[in-house]
Amino acid sequence: MRRSTLEIAAIKNYIEKLTKDVERYSKSITDNCNTIAKLQADNSYCNEMADRAEISIKALNAVLENEVS
């Protein structure tokens with residue numbers, strides 16, 4: 001069965017719309033992945049700072065114990 005010129009044009013337009021949708025979704029996914037990577041990096045930095053703070057608190061507590069005893 002041969003398709004009419006109108007049917008072919010409609011199919012072509014639909015494919016073009018799908019292509020644009022895929023490009024938009026791809027960009028959105030890329031943006032989301034970049035955001036996740038940044039949040040993971042920020043989280044790693046926060047964890048490192050928390051670890052340093054904990055070490056500092058332990059050191060200060062040790063100094064305080066030595067001063068009191």
Side-chain angles (χ1 to χ4, degrees):
M1 174 177 150
R2 293 185 52 88
R3 298 196 184 271
S4 70
T5 304
L6 190 58
E7 288 175 318
I8 292 170
I11 292 168
K12 181 181 175 193
N13 286 339
Y14 184 67
I15 290 171
E16 288 173 355
K17 181 196 175 301
L18 290 178
T19 300
K20 287 179 184 175
D21 288 347
V22 168
E23 288 170 350
R24 190 176 73 245
Y25 298 146
S26 177
K27 182 184 180 326
S28 178
I29 290 168
T30 299
D31 291 346
N32 289 342
C33 288
N34 289 338
T35 299
I36 290 168
K38 183 184 180 316
L39 290 172
Q40 287 174 331
D42 289 348
N43 187 47
S44 293
Y45 175 77
C46 289
N47 287 338
E48 182 181 335
M49 292 299 108
D51 290 345
R52 288 182 183 185
E54 186 176 345
I55 291 168
S56 295
I57 290 168
K58 287 179 181 176
L60 289 171
N61 283 333
V63 169
L64 182 61
E65 282 182 31
N66 283 338
E67 293 295 321
V68 170
S69 52

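Worth knowing before you read on, the calculation uses all heavy atoms, side chains too, and leaves out hydrogens, waters and symmetry mates. A quick note: this is a predicted structure, and the numbers were derived from the prediction, not measured.
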In Å and rounded to the nearest 0.5 Å, what is the OG to CG distance from Ser26 to Asp21? 12.0 Å
Give the C-alpha distance, both sets of side-chain angles, the deciding distance and a yes or no for salt bridge (charged side-chain N to carboxylate O under 4.0 Å, His left out) between Arg52 and Glu48. CA-CA 6 Å; Arg52 288 182 183 185; Glu48 182 181 335; 2.7 Å; yes
Could you grab the distance from atom CG of Leu39 to atom CG of Asn34, nearest 0.5 Å is fine? 11.0 Å
Nearest-0.5 Å distance that lies between atom CG in Leu6 and atom CD1 in Ile11: 10.0 Å
Value for CG (Asn43) from CD1 (Ile36), rounded to nearest 0.5 Å, stands at 12.5 Å
How long is the straight-line distance from CD1 of Ile29 back to CZ of Arg24, given to the nearest 0.5 Å? 11.5 Å
State whether the side chain of Thr19 and the backbone N or O of Ile15 hold a donor-acceptor pair below 3.5 Å, judged by distance alone. yes
Interatomic spacing from CG in Asn47 to CD in Gln40 - rounded to 0.5 Å: 11.5 Å
Could Lys58 and Glu54 be called an ion pair, given the rule that one side-chain N must be under 4.0 Å from one carboxylate O? yes
Is it true that Glu16 and Lys20 have a side-chain N and a carboxylate O under 4.0 angstrom from each other? no
Give the minimum heavy-atom separation between Glu7 and Arg2, together with the two atoms involved. OE1-O, 4.4 Å
